[in-house]
There are 2 protein chains.
Amino acid sequence: MITETIQQRFKDHGLKNTPQRTAIYTALVETTSHPTADDLYQLVSQDYPMISQNTVYYTLGVLQKAGLIREVNVGHDRARYDGNLSPHHHLICTSCQSIVDVMDERLNELSFPNGIPSGFTITDYQVEFRGYCKACRSKTA
Amino acid sequence: MITETIQQRFKDHGLKNTPQRTAIYTALVETTSHPTADDLYQLVSQDYPMISQNTVYYTLGVLQKAGLIREVNVGHDRARYDGNLSPHHHLICTSCQSIVDVMDERLNELSFPNGIPSGFTITDYQVEFRGYCKACRSKTA
DNA sequence: TCTCTTTTAGGAATCATTACTAACTAGCAA
DNA sequence: TTGCTAGTTAGTAATGATTCCTAAAAGAGA
């Protein structure tokens, strides 16, 4: 990802360009690991030792409101974030909580369901697959 | 739901029958509101004023491990619980976080996705629809 | 009834996240 | 280039859901 693009993207959303913000967003876009706020804090701290956890939380909130990133739900422990905005779904290991992207196009064409309350408008949906990753399976076996 | 059934259900899973446990489980099975631990605490407190939050948390943990209830993910605020084990999905209001059951049978027959990592075993999946309920839509409009 | 194990209640502890605030800085305009 | 202003940062304190710890209480089977 070229920094130019990021700066433009921030500008388009009325967000100021700061080194911390760029670092956090870049880290999130470049990984597929769906990190927690603290994961990102640890990562970005390597380049910006003075960054505060607060900044990470604040930045994630701002980016999310701007629609540049989204939050992923895996249980209720810690929030996890996804910088990949292309339509996709997730496969979660029930044991180690790792998240893998599922890009199967067929899942993007589900018809909206029957029998929902009148007046409820559906905007989008997410399919969450659950299972056990290779590593966790061999541990159990 | 007849108490007999619940007692048997507990017994089948090696769980002791206690009034608190029965009250919590009954409340969960009889509602479709997907309450939080605290919601259940408030509710059950009406009949058992001495019950502790701890008991509610402990009981929910036990019931979940036994497979009698399941946890529902809605953001990362508080855990929500579902006593309805029949296969179904959820529709969540992005504004008020209310959860509505989606019983559309067609959603129970999705084929497992392509392109997942080798060795990953899928056990089940959940479709989470997002949108705005009638009440929240009229508030905004 | 006796015994053993689970369950309960209460309080303390943990930990992710948010709130508060003062200092700082990017972005814009003069 | 300089100043201004709103948005941003960092540090610390506060919040709040959940978990931990422990002693007393109560099911369930013998």
Side-chain angles (χ1 to χ4, degrees), chain A residues 3-4 6-25 27 34-66 68-69 71-81 97, chain B residues 3-4 6-26 34-66 68-69 71-81 97:
Chain A
T3 308
E4 283 313 321
I6 292 181
Q7 314 248 304
Q8 189 57 46
R9 214 173 276 189
F10 286 170
K11 196 173 183 181
D12 291 344
H13 290 84
L15 305 178
K16 286 186 183 171
N17 273 297
T18 70
Q20 295 95 326
R21 181 167 292 173
T22 304
I24 292 166
Y25 182 58
H34 309 81
T36 64
D38 191 61
D39 291 337
L40 289 165
Y41 171 66
Q42 300 297 339
L43 194 63
V44 175
S45 289
Q46 294 171 16
D47 291 325
Y48 298 88
M50 297 307 291
I51 201 169
S52 72
Q53 297 202 53
N54 206 334
T55 299
V56 177
Y57 280 108
Y58 176 79
T59 302
L60 290 170
V62 166
L63 294 176
Q64 198 182 351
K65 281 191 199 96
L68 288 172
I69 67 174
E71 217 177 294
V72 186
N73 294 324
V74 191
H76 289 83
D77 42 351
R78 290 171 291 172
R80 308 215 10 204
Y81 296 90
Q97 312 283 76
Chain B
T3 309
E4 280 317 317
I6 292 180
Q7 314 248 305
Q8 189 56 48
R9 215 173 274 190
F10 286 170
K11 196 172 182 182
D12 292 345
H13 289 85
L15 305 177
K16 286 188 184 172
N17 273 296
T18 70
Q20 295 94 328
R21 181 168 292 172
T22 304
I24 291 167
Y25 182 58
T26 303
H34 309 81
T36 64
D38 192 60
D39 291 337
L40 288 165
Y41 171 67
Q42 300 296 338
L43 194 63
V44 175
S45 288
Q46 293 171 15
D47 291 323
Y48 298 87
M50 297 308 289
I51 200 170
S52 72
Q53 298 201 55
N54 205 334
T55 299
V56 177
Y57 280 107
Y58 176 77
T59 302
L60 290 170
V62 166
L63 294 176
Q64 198 183 350
K65 280 191 200 98
L68 289 171
I69 66 173
E71 218 177 293
V72 186
N73 295 325
V74 190
H76 289 82
D77 41 353
R78 288 171 292 172
R80 310 219 3 208
Y81 296 89
Q97 310 284 75

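In what follows, chains are A, B, ... by sequence order, proteins preceding strands, each numbered from 1. Remember, it's a predicted structure, so these values are computed and weren't measured experimentally.
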Separation of atom CZ in A:Arg80 from atom C1' in C:dA16, rounded to whole Å: 15 Å
Protein-nucleotide distance (B:Glu71, atom CD; D:dT18, atom C1'), rounded to Å: 11 Å
Contact string for nucleotides 6-17 of chain D, one letter per nucleotide 5' to 3', B = base within protein heavy-atom range under 4.0 Å, S = sugar-phosphate only, - = neither, reads BBSBBBB----S
From OH of B:Tyr25 across to P of C:dT7 the rounded distance in Å is 15 Å
Atom CG in A:Leu43, atom CD1 in A:Ile51: separation rounded to 0.5 Å? 10.5 Å
So which atom in B:Glu71 and which in B:Ala79 form the shortest heavy-atom distance, rounded to 0.1 Å? OE2-CB, 3.8 Å
Rounded to the nearest 0.5 Å, what separation is found between the CG atom of B:Leu40 and the OG1 atom of B:Thr55? 12.5 Å
Could you tell me how far apart B:Gln8 (CD) and D:dG27 (C1') are, to the nearest whole angstrom? 16 Å
Atom CD of B:Gln7 and atom P of D:dG27 are separated, to the nearest Å, by 11 Å
With A:His34 via side-chain contact (heavy atoms from CB on, under 4.5 Å) - residues at least two apart: A:Val72, A:Arg80, A:Asp82, A:His90, A:Ile99, A:Asp101
What pairs with A:Gln53 under side-chain contact (heavy atoms from CB on, under 4.5 Å), at least two apart in sequence or on another chain? A:Asp38, A:Tyr41, A:Tyr57
Nucleotide C:dT7, atom C1' - distance to CD of B:Gln53 in whole Å: 17 Å
Between D:dA28 (P) and B:Asp12 (CG): distance, integer Å: 13 Å
Whole Å only: how far is the OH atom of A:Tyr81 from the P atom of C:dA16? 13 Å
From the candidates D:dT18, C:dG27, D:dA28, the one with an atom nearest any side-chain atom of B:Asn17 is D:dA28
Closest non-hydrogen atoms of B:Ala37 and B:Val56, given as atom of the first, atom of the second and distance, are O-CG1, 3.5 Å
